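Everything on this sheet refers to the single structure shown next.
None of the values given here were measured: they were computed from a predicted structure. Whatever order the structure lists them in is the order used to number ligands and atoms, beginning at 1.
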Amino acid sequence: LNLNVLWLLITPIFFTLGWIAGRIDMKTVINQAKQMPKKLYQAIDFLIEHKTGIASDNLKDIILKEPQLTELQLSLGKLYRSRGENDIAIKTHTKLLNSQFLLNPEERENVILELAKDFHNAGLIDRAENLLTKLIDSERYSNKAQELLLNIYQQDKNWLDAISMANKLTSSDYSFHTEVAQFNCELALDAMIKSNLDSAKSYLKKALETNKKCARANIILGDVYKIENLHEQAIQTWQHIEKQNYLYLPMVTEKIFDSYIELNKIKEALILIEGYLTLYPNLTISENLFIKLQNFIDKDKLLSFLKNSIKNKSGNPSKLAFFILEIYNNSQLLPKDLKQDIEIIKQLLNNYNNKLSRYKCRMCNFKSETFFWQCPACYEWESITSNPSE
Ligand SMILES: [Zn+2]
């Protein structure tokens with residue numbers, strides 16, 4: 001036999017061996033795959049179809065048979081929580097925490113974190129707080145635990161702990177200066193309610209040191225001066241807001257006006273307010289201020305301000321229109337039959353205005369008639385802006 005013939009014989013043998021080896025390999029793979037509980041695939045299908053109830057039942061059955069699948073049990077708890085079944089989520093995660101199959105300390109910490117979230121969702125804030133403080137020194141979960149604690153302190157209006165937690169969390173990625181300044185403003189308001197004006201001032205000073213753009217701190221500081229009857233200082237403080245963020249000016253224009261009136265300085269008041277209206281035609285000035293101005297400036301000037309506001313889409317067009325009609329109606333110039341028509345239009349506008357939301361959150365689109373410094377829906381600070389688009 002020559003070498004070529006030998007190769008011709010050997011090659012198919014190797015091929016056959018390889019083929020058999022391949023077959024055996026494939027068989028093991030398929031066998032192992034079939035050992036994976038069929039219910040797991042069904043559960044995934046149910047999840048895709050948003051049938052989370054049946055999916056969780058399936059996962060629960062698997063875990064009863066395969067308690068070593070700790071990660072699956074962790075996910076099952078999360079699934080219960082997302083369905084709002086907080087009590088079952090708590091049970092599932094507590095059981096997992098005591099499981100003999102939970103060997104890895106890091107995995108344990110993860111379960112503690114999820115359990116804390118369950119307690120938080122269930123409104124059991126103290127228990128959530130207890131668990132989260134256990135994770136403060138965790139290498140992996142410390143940050144997440146501290147972020148949750150910061151939320152809890154804010155919900156509890158525990159501003160002092162919120163400040164220290166925010167300071168701990170401050171990093172090069174995110175400084176909490178907006179939040180910390182707001183927490184100090186909250187403390188200042190608490191102090192004001194207790195008539196502790198000096199303490200209020202010191203919190204406001206801290207707020208401005210933390211965030212010199214904190215307009216709210218100057219709004220409150222002006223209020224403190226006003227209580228102390230220091231109207232000049234109040235006006236000066238409120239005027240600072242123009243440099244901080246002029247969009248907050250509408251929140252103080254009426255206050256400034258009132259303080260000037262207290263000082264009997266009507267001329268100064270008008271110069272400043274007219275200046276703001278001319279310089280910032282897009283400001284949403286409240287109708288109240290226009291109503292007050294009515295007694296001090298002539299009708300034509302007031303009408304031109306109102307018409308400008310409508311033209312510049314500042315303020316609520318329908319509310320301003322209502323006011324314009326009111327001015328016309330009060331004037332002696334209109335014929336009687338027109339007066340009746342105007343009354344009807346006013347009524348229509350008023351019905352419409354009552355349904356309007358003056359403010360909107362730019363983060364979550366939450367709408368409201370009252371202003372909030374912290375959005376009640378998404379808990380973001382300084383995200384609420386005026387909503388003249390309506
Ligand atoms: Zn929001």
**Message:** Within the 3.5 Å criterion, strictly below it, is a donor on Glu106 or Tyr141 matched to an acceptor on the partner's side chain?
**Reply:** no

**Salt-bridge present (Asp223, Lys255; N to O < 4.0 Å)** = yes

**Item:** Under-2.8 Å protein N/O/S neighbours of the Zn ion (ligand 1), ordered by chain then residue number
**Value:** Cys361 SG, Cys364 SG, Cys375 SG, Cys378 SG

**Asked** Side-chain donor-acceptor pair under 3.5 Å between Asp61 and Asn58, yes or no?
**Response** no

**Request:** With sequence neighbours excluded, tell me which residues meet ring pair (Phe, Tyr, Trp, His ring centres under 6.0 Å) with Tyr225.
**Result:** none

**Prompt:** Name the one of Asp126, Asp118, Leu115 that satisfies side-chain contact (heavy atoms from CB on, under 4.5 Å) with Leu131?
**Reply:** Leu115

**Asked** Gln73 and His93: side-chain donor and acceptor closer than 3.5 Å?
**Response** no

